[in-house]
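For reference, the structure is listed below as structure tokens.
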Amino acid sequence: MRNSVNRPPTPEDTVEEQEDQEKQPTLQEIIKIKLIESGEKERLMELLRERLIECGWKDEMKALCRAFIKKKGKNNVTVDDLIHVITPKGRASIPDSIKAELLQRIRSFLVQAAV
């Protein structure tokens with residue numbers, strides 16, 4: 001709805017406009033839907049798994065988990081503790097070459113899908 005030049009928008013106008021904007025998916029949500037529907041997300045996840053195993057990242061994370069458990073004691077560690085400690089280290093230690101490869105594959109998908 002168009003607002004008058006002489007008056008500010010009424011609260012109803014603002015609420016309606018916000019609701020319309022909330023109903024429309026963001027670009028990120030659209031891309032995520034396209035990746036899932038096409039099966040590309042699963043292919044990218046499999047590629048990521050393969051690359052992380054090839055470069056030894058998975059073994060490195062296992063070793064970090066084992067060291068943390070040994071330090072704290074087997075009975076004093078929860079899965080949440082492990083996730084809290086290991087996740088930042090795991091994300092930071094993913095090789096840049098793997099990140100670049102995945103990013104390139106996503107870009108190629110977006111060009112093909114014309115999102």
Side-chain angles (χ1 to χ4, degrees):
M1 178 183 293
R2 190 156 179 244
N3 298 322
S4 169
V5 175
N6 297 325
R7 71 173 179 83
T10 60
E12 296 89 31
D13 291 344
T14 307
V15 170
E16 286 176 13
E17 289 173 7
Q18 287 175 350
E19 287 175 355
D20 286 344
Q21 288 176 352
E22 289 173 6
K23 290 177 187 174
Q24 295 178 358
T26 64
L27 181 58
Q28 185 176 5
E29 291 169 336
I30 292 169
I31 292 169
K32 187 176 180 179
I33 290 166
K34 295 272 188 193
L35 285 168
I36 292 169
E37 287 177 349
S38 68
E40 186 65 16
K41 182 178 179 186
E42 194 55 43
R43 288 188 288 277
L44 289 169
M45 294 295 287
E46 186 57 36
L47 175 67
L48 177 60
R49 281 185 207 99
E50 289 173 12
R51 295 295 187 261
L52 291 175
I53 290 169
E54 287 172 6
C55 75
W57 180 90
K58 185 178 176 184
D59 294 332
E60 186 182 330
M61 292 302 104
K62 275 186 192 178
L64 283 173
C65 288
R66 287 186 175 132
F68 181 74
I69 291 168
K70 190 174 183 180
K71 179 181 172 187
K72 290 287 187 176
K74 186 173 146 180
N75 298 326
N76 300 325
V77 177
T78 65
V79 172
D80 287 339
D81 293 338
L82 276 175
I83 290 170
H84 182 70
V85 170
I86 301 301
T87 298
K89 294 176 183 178
R91 286 186 177 156
S93 66
I94 295 173
D96 288 340
S97 60
I98 294 175
K99 292 176 187 177
E101 182 180 2
L102 286 172
L103 186 57
Q104 184 55 42
R105 291 276 302 259
I106 292 168
R107 285 184 176 144
S108 297
F109 170 79
L110 293 176
V111 168
Q112 277 183 332
V115 173

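No experiment lies behind these values; they were computed from the predicted model shown.
- Expressed to the nearest 0.5 Å, how far CG of L48 lies from CZ of R51 amounts to 10.0 Å.
- In this view, S97 and P95 satisfy the side-chain contact (heavy atoms from CB on, under 4.5 Å) rule, not counting sequence neighbours.
- Shown here are the side chain to side chain donor-acceptor pair (under 3.5 Å) partners of T78, two or more places apart in sequence or in another chain: D81.
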Q) Yes or no on side-chain contact (heavy atoms from CB on, under 4.5 Å) for V85 and L64, after CA distance, side-chain angles and deciding distance? A) CA-CA 9 Å; V85 170; L64 283 173; over 6 Å; no

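- The backbone N or O of G39 sits nowhere less than 3.5 Å from a side-chain atom of E42 that would complete a donor-acceptor pair.
- Taking the side-chain contact (heavy atoms from CB on, under 4.5 Å) definition, one finds that E46 meets it with R49, E50, sequence neighbours left out.
- Using a 4.5 Å cut-off on side-chain heavy atoms (C-beta onward), E101 and L47 make contact.
- Within the structure, every pair that satisfies the side-chain hydrogen bond (donor to acceptor under 3.5 Å, both in side chains) test and touches residues 55-76, not counting sequence neighbours, is listed here: W57-S93.
- In this structure, OG1 on T26 lies 10.0 Å from NZ on K32, to the nearest 0.5 angstrom.
- The other members of the hydrophobic cluster of V79, by chain and number, are I83 (side-chain heavy atoms under 4.5 Å, ILVMFWY only).
- One finds the CG atom of L44 at 5.5 Å from the CD1 atom of I106 (value rounded to the nearest 0.5 Å).
- Interatomic distance, I98 CD1 to L103 CG, rounded to the nearest 0.5 Å: 13.5 Å.
- I33 is linked by a side-chain contact (heavy atoms from CB on, under 4.5 Å) to E37, counting only residues two or more places apart in sequence or in another chain.
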